[in-house]
Amino acid sequence: MPIIKIDMIKGRTKEQIKEILDVSYEVMLDAFDAPEGDRYQIVTQHEDYEMAILDTGLGVERTDEVLVFTLVSRPRTKDQKTKFYHNLVSQLHDELNIRKEDVMISLVENTDENWSFFNGEAQFLNGDL
């Protein structure tokens with residue numbers, strides 16, 4: 001049940017985007033111990049002038065290959081979060097040759113009552129999930 005939103009600059013192929021989606025899904029399943037099929041991902045592509053992803057004074061150089069991951073998820077432990085951050089960046093680098101400096105991640109926490117998967121019902125609250 002995290003929803004993973006990925007912002008990127010236009011220019012990647014369909015295959016590259018699918019690989020990014022697949023890697024981030026597999027890493028999420030492992031780090032958060034989520035059930036298979038718990039896959040909610042959205043890619044938004046931008047013109048290069050629509051993304052300004054600076055370094056917060058850390059001295060990081062970004063390229064036009066930058067990826068910004070925003071996850072909305074129930075609360076996770078510090079260990080789960082750090083595992084996700086580390087493994088996502090490592091696997092994107094190792095499998096897709098994406099620079100580690102070009103991956104930014106933000107996890108936004110919410111609770112089960114904040115989800116409706118369909119029919120305007122709260123599946124976590126009504127016992128369906």
Side-chain angles (χ1 to χ4, degrees):
M1 169 232 22
I3 186 166
I4 301 174
K5 297 182 178 187
I6 309 167
D7 290 277
M8 63 183 67
I9 294 171
K10 290 179 182 176
R12 286 186 165 89
T13 66
K14 290 179 184 179
E15 293 77 19
Q16 290 170 321
I17 292 170
K18 183 176 178 342
E19 289 175 331
I20 291 167
L21 290 169
D22 290 346
V23 166
S24 60
Y25 173 65
E26 292 299 325
V27 170
M28 182 278 299
L29 286 178
D30 178 58
F32 297 161
D33 196 28
E36 190 77 30
D38 200 10
R39 189 169 187 168
Y40 306 95
Q41 298 172 295
I42 299 169
V43 169
T44 304
Q45 298 185 66
H46 304 271
E47 299 294 338
D48 60 356
Y49 59 86
E50 294 178 322
M51 290 182 66
I53 310 301
L54 301 182
D55 68 353
T56 315
L58 297 172
V60 174
E61 298 277 336
R62 309 271 193 200
T63 71
D64 61 356
E65 298 294 313
V66 66
L67 297 171
V68 178
F69 288 82
T70 305
L71 283 77
V72 179
S73 174
R74 62 175 40 137
R76 305 293 174 173
T77 67
K78 287 182 184 179
D79 287 342
Q80 287 176 312
K81 292 174 188 179
T82 55
K83 181 179 181 178
F84 177 79
Y85 302 153
H86 177 268
N87 290 354
L88 178 61
V89 171
S90 294
Q91 286 186 233
L92 288 171
H93 175 73
D94 295 347
E95 296 178 26
L96 307 178
N97 203 30
I98 294 172
R99 294 176 65 243
K100 293 180 178 184
E101 299 86 351
D102 279 335
V103 181
M104 181 176 160
I105 306 164
S106 177
L107 194 146
V108 180
E109 294 182 345
N110 69 6
T111 58
D112 291 350
E113 66 194 39
N114 296 304
W115 292 88
S116 173
F117 293 93
F118 59 91
N119 287 343
E121 298 174 17
Q123 285 81 10
F124 283 120
L125 300 180
N126 70 13
D128 287 347
L129 286 176

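Among residues two or more places apart in sequence or in another chain, the side chain to side chain donor-acceptor pair (under 3.5 Å) test is passed with D102 by T63, R99. With sequence neighbours left out, K5 forms a salt bridge (Lys or Arg N to Asp or Glu O under 4.0 Å) with no residue at all. Legend: residues meeting ring-ring contact (aromatic ring centres under 6.0 Å, His included) with F32, ordered by chain and number and at least two apart, are F84.
V68 and V43 are members of different hydrophobic clusters when ILVMFWY side chains are connected at heavy-atom separations under 4.5 Å. Hydrophobic clustering keeps V103 apart from I53 (ILVMFWY residues linked when any side-chain heavy atoms are closer than 4.5 Å, directly or through intermediates). Criterion: ILVMFWY side-chain heavy atoms under 4.5 Å apart, direct or through other members. Under it, V89 and I17 are part of a common hydrophobic cluster. Following chains of ILVMFWY side-chain contacts shorter than 4.5 Å, one cannot reach V27 starting from Y40, and the two form parts of different hydrophobic clusters. Cluster annotation: V66 is connected to M104 through the hydrophobic network of ILVMFWY side chains, with a link wherever side-chain heavy atoms come within less than 4.5 Å.
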Derivation and outcome, side chain to side chain donor-acceptor pair (under 3.5 Å), residues N114 and T111: CA-CA 6 Å; N114 296 304; T111 58; 3.0 Å; yes
Test side-chain contact (heavy atoms from CB on, under 4.5 Å) applied to F118 and D128, step by step: CA-CA 11 Å; F118 59 91; D128 287 347; 5.5 Å; no
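Between H46 and D7, some side-chain heavy-atom pair lies under the 4.5 Å cut-off. M28 is not listed as a side-chain neighbour of S73, based on a closest heavy-atom distance of 4.5 Å or more.
Closest of all the heavy-atom pairs between Q45 and G11 is OE1-N, 3.9 Å. Considering all non-hydrogen atoms of both residues, I20 and M8 come closest at CD1-CE, 4.3 Å. Taking all atoms of both residues into account, the shortest heavy-atom contact from L29 to P35 is CD2-O, 3.3 Å. Of all non-hydrogen atoms in F69 and S24, the two that sit nearest each other are CE2-CB, 3.7 Å.
Remark: the backbone N or O of A122 is not paired with any side-chain donor or acceptor of S116 at under 3.5 angstrom.
Atom-to-atom distance recorded for E101:CD and L58:CG is 12.0 Å, nearest 0.5 angstrom. In this structure, CZ on F117 lies 5.5 Å from CG on L129, to the nearest 0.5 angstrom. Here CG of L107 is found 9.5 Å from CD1 of I4. Values are rounded to the nearest 0.5 Å. Rounding to the nearest 0.5 angstrom, the gap separating the CG atom in L88 from the CG atom in L67 is 8.5 Å. Taking CD1 of I98 as the reference point, atom OG of S90 lies at 12.5 Å (rounded to 0.5 Å). Between the OG atom of S106 and the OH atom of Y85 there is a distance of 7.0 Å, given to the nearest 0.5 Å.
For K100, the NZ atom is densely surrounded, since the number of other residues' heavy atoms within 6.0 Å is greater than 12. Shown here is E47, whose CD atom has more than 12 heavy atoms of other residues, nucleotides or ligands within 6.0 Å. Enclosure of atom NE2 in H86 is not indicated, since only 12 or fewer non-hydrogen atoms of other residues, nucleotides or ligands lie within 6.0 angstrom.
Comment: D112 engages R74 in a salt bridge, judged by a side-chain N to carboxylate O separation of less than 4.0 angstrom. K81 has a carboxylate O that lies under 4.0 Å from a charged side-chain N of E109, or vice versa, which qualifies the two as a salt bridge.
With D22 as the fixed residue, the side-chain contact (heavy atoms from CB on, under 4.5 Å) test singles out one of Q91, R39, Q41: R39.
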